[in-house]
Number of protein chains: 2
Amino acid sequence: MRRKVTLKQIAKELDVSISTVSKSLRDSPEISEDTRQKVQAFAKLYNYKPNNIALSLKNKKTKTICIIIPEIIHHFFTTVISGVEHVANEKGYNVIVCLSDESFDKEVINMEMLANGSIDGFIMSLSKETQLKKDYHHITEVINQGMPVVMFDRVTNDILCDKVIIDDFLAAYNATQYLIDKGFRKIGLISTVDYVSVGKHRTDGYCKALQSNEIPVDDKMILKIEDTNDFEKEIEQLFQTTDLDAVFAVNEIFAVTAIKIARKIGKKIPDDLSIIGFTDGIISKYSSPSITTVSQNGVKMGEKAAKMLIEKLEIEDDDFEEQYKTEVIETELIERESTK
Amino acid sequence: MRRKVTLKQIAKELDVSISTVSKSLRDSPEISEDTRQKVQAFAKLYNYKPNNIALSLKNKKTKTICIIIPEIIHHFFTTVISGVEHVANEKGYNVIVCLSDESFDKEVINMEMLANGSIDGFIMSLSKETQLKKDYHHITEVINQGMPVVMFDRVTNDILCDKVIIDDFLAAYNATQYLIDKGFRKIGLISTVDYVSVGKHRTDGYCKALQSNEIPVDDKMILKIEDTNDFEKEIEQLFQTTDLDAVFAVNEIFAVTAIKIARKIGKKIPDDLSIIGFTDGIISKYSSPSITTVSQNGVKMGEKAAKMLIEKLEIEDDDFEEQYKTEVIETELIERESTK
DNA sequence: TTTCAACACGAAAACGTTTTCGATTCTATA
DNA sequence: TATAGAATCGAAAACGTTTTCGTGTTGAAA
């Protein structure tokens, strides 16, 4: 077991000072060719690598960013991670992934823990509970300490910071309009409870589309799901109490479950019922029938968020004009087999 | 913007020494009640939190572990992350997630980057390319430096370290036997290339089960997929050149794709063809028909791996008897709709 | 020979902690 | 009152770097 070698050890071994070793390794012109080569050879032999922690302490930069997501089970979030990872690694940053499990407390703990020097900045999507409580003190706290934060997808207007979102309202509007254009009039909605920001926006877009086409919004056709554990019954009830010819679901789990329930009660997809989902995830693609869906490019969101964060991190502190941007990622409707 | 306050600043402000501040905050008996309260009050007011990096440098412990996975798209790996996160957080550790993208180089870079003080230990599953090259120098290097490594799922016998696996051979054997018990004889296999360790073991289990039942192994019924990008054609060809009544697929992507192709060429699932997958992931559950599968409890694997790693980290260096364990996680067959 | 610059290197501070040990003051006992 | 011992605090080292600045040596020009 050969422990890592330090500058001090090299210095001692070669009988020079620590400074000389450091400078030699960084090719400082102050050092003579002779000693430089001697030191470098020795360092290579013992596989010297500078200690990251010491560097972090000295530079006050850790070259590490943290992404906090509510759940890892939603494929969308894993694609965001993938995007973040990609550009972060490219720029020499590491990524710490934290899961809030939709819990306010876990979100707070994670942030407080990491904000004390461990990382340089946050990329995050709000947990359900945080959105419900509307308590963002932990985030403002971090921002006030001068640590940049980029929010994505589930964001809030109560916080001033960089954001990456899609136009949930417009995407839902277009999806609904697509169904209307196909001739459907009895269009159901399977959404989340309103305090989840994106759920609210998508619900609004759905309603607006109906209104624009002078189709009355019928609350009986709208299902807002709170508990993700046992929502199959609710969907089944929706299908049995209403006579829908199309459904817009705000995520792919809801969409695929709707398909399953519809089948169970004897409806053929898409012949008897057309379904549009949200998020072009792995389920939509591999489900049979594959699901027509609003693509929400998670990789692109992650990449963009990481770029914005790292940009903020690398501008000199001199020209710190606080300019917050909100980037809107394009969505598109991917037509597959669940609509006709 | 109120920057983080340090011990030095508090000391200066209260006109005491840094040591006194530090001791006061840690409730040292050396300090008088008076000054202790004074310091603590001041610290609370200014929301003092110790700097993690400084602590890491001092303690030579970062309280951070890294998990390296080949791909985040496989739901199995995300469940492992979830398990690791869970116990790590419980024990006060942070988790850095790295994606090797099945690339040897990325695996090496990630490990070399983080091994220099940034983290305390690794949890990892080998990339395809690493398994192909059989080059594990980066891993032995890390282990030789005294940093514990726990491997899971895709492991190798060439490295001595703690491991968490399932019995791939037995699980595949049982799955195949299950099909045989149902009366099937023409059982196809959709596997990965042999250098992926788990693919090889599952293939062996399949073959062994056939042999035990005196069913000849027919290479034409075995498809080994190398390129994950365009394997649909290969599966289609398999179905057209052979007349199978059942298929065992070594992961859920292969399984769901097999269903899709089978449907496409007019076969009904499970009436004309029964299919068993591997990994009880999100696809298997939500696919319709839902997929009978070998459950490979990723959460449990992650939890176990994290526990083993943290245990290694927290034993005193005194009693360092190198004892490596290999933990085998139970699998079970989950019967769903894709078999009859 | 003197002087000055270039050259080569080392000492020390700094990042923010914790901890050991020494120093000073106070209290109580002889 | 002298003194031992407790109580209270500060100096400094240590973790591993980088970097500024100072210092000594060398060579060449005056």
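As a basis for the values below, the full set of heavy atoms in this structure was taken, side chains included, without hydrogen atoms, waters or symmetry mates. Every chain is numbered from 1, with letters handed out A, B, ... down the list of sequences. These figures come from a predicted structure and were not determined experimentally.
- In summary, contact between chain B and DNA chain D, defined as any nucleotide atom under 4.0 Å from a heavy atom of the protein, begins and ends at D:dT8 to D:dG16 in the 5' to 3' direction.
- Counting only residues at least two apart or on different chains, the ring pair (Phe, Tyr, Trp, His ring centres under 6.0 Å) pairs with a member in residues 99-146 of chain A are A:Phe104-A:His138.
- Between B:Lys133 and B:Glu107 no salt bridge is recorded (no basic side-chain N to carboxylate O distance below 4.0 Å).
- Atom CE in A:Met308 sits 6.5 Å away from atom NZ in A:Lys304 (nearest 0.5 Å).
- Using a distance-only test at 3.5 Å, with no hydrogens or angles considered, no donor-acceptor pair links the side chain of B:Ser100 to the main chain of B:Lys106.
- A side-chain hydrogen bond (donor to acceptor under 3.5 Å, both in side chains) check over residues 88-97 of chain A, counting only residues at least two apart or in different chains, returns the pairs A:Glu85-A:Asn89, A:Tyr93-A:Glu314.
- The CG-P distance, from A:Leu14 to C:dG10, rounds to 11 Å in whole Å.
- In this structure, the salt bridge (Lys or Arg N to Asp or Glu O under 4.0 Å) partners of A:Asp162, at least two apart in sequence or on a different chain, are A:Lys312.
- For B:Lys4 (side chain) and A:Gly117 (main-chain N/O), no donor-acceptor pair under 3.5 Å exists by modelled atom type.
- Among the protein residues, B:Ser56 comes within range of no part of the nucleic acid, since none of its heavy atoms lies under 4.0 Å from any strand.
- Taking atom CZ on A:Arg36 and atom P on C:dC9, their separation rounds to 12 Å, with Å as the unit.
- Using a 4.0 Å heavy-atom distance criterion, B:Lys58 is classed as a base contact.
- For the residue pair B:Met151 and B:Cys161, the shortest heavy atom distance occurs at CG-SG, 3.5 Å.
- Within the 4.0 angstrom heavy-atom criterion, only backbone atoms of the sugar-phosphate kind lie near A:Leu55; the bases stay farther away.
- At least one donor-acceptor pair closer than 3.5 Å links the side chain of A:Asp120 to the backbone N or O of A:Lys63.
- Applying a 4.0 Å cut-off to non-hydrogen atoms, the residues of residues 21-34 of chain B that approach DNA chain C are B:Ser22, B:Lys23, B:Arg26, B:Glu30, listed by residue number.
- In the interface, the side chain of A:Ser17 is not paired with the base of C:dA11 through any donor and acceptor atom under 3.5 Å apart.
- For A:Met147 against A:Ile119, the heavy-atom pair with the smallest separation is CE-O, 3.3 Å.
- Computed from C1' positions of five pairs at each end, the angle between the two local axes of the helix from C:dT1-D:dA30 to C:dA30-D:dT1 equals 80°, rounded to 10 degrees.
- Side chains of B:Thr20 and B:Ser17: a donor-acceptor N/O pair is present below 3.5 angstrom, by distance only.
- Among the atoms of the strands shown, only primed sugar atoms or phosphate atoms (P, OP1, OP2) are found under 4.0 Å from some heavy atom of B:Thr6.
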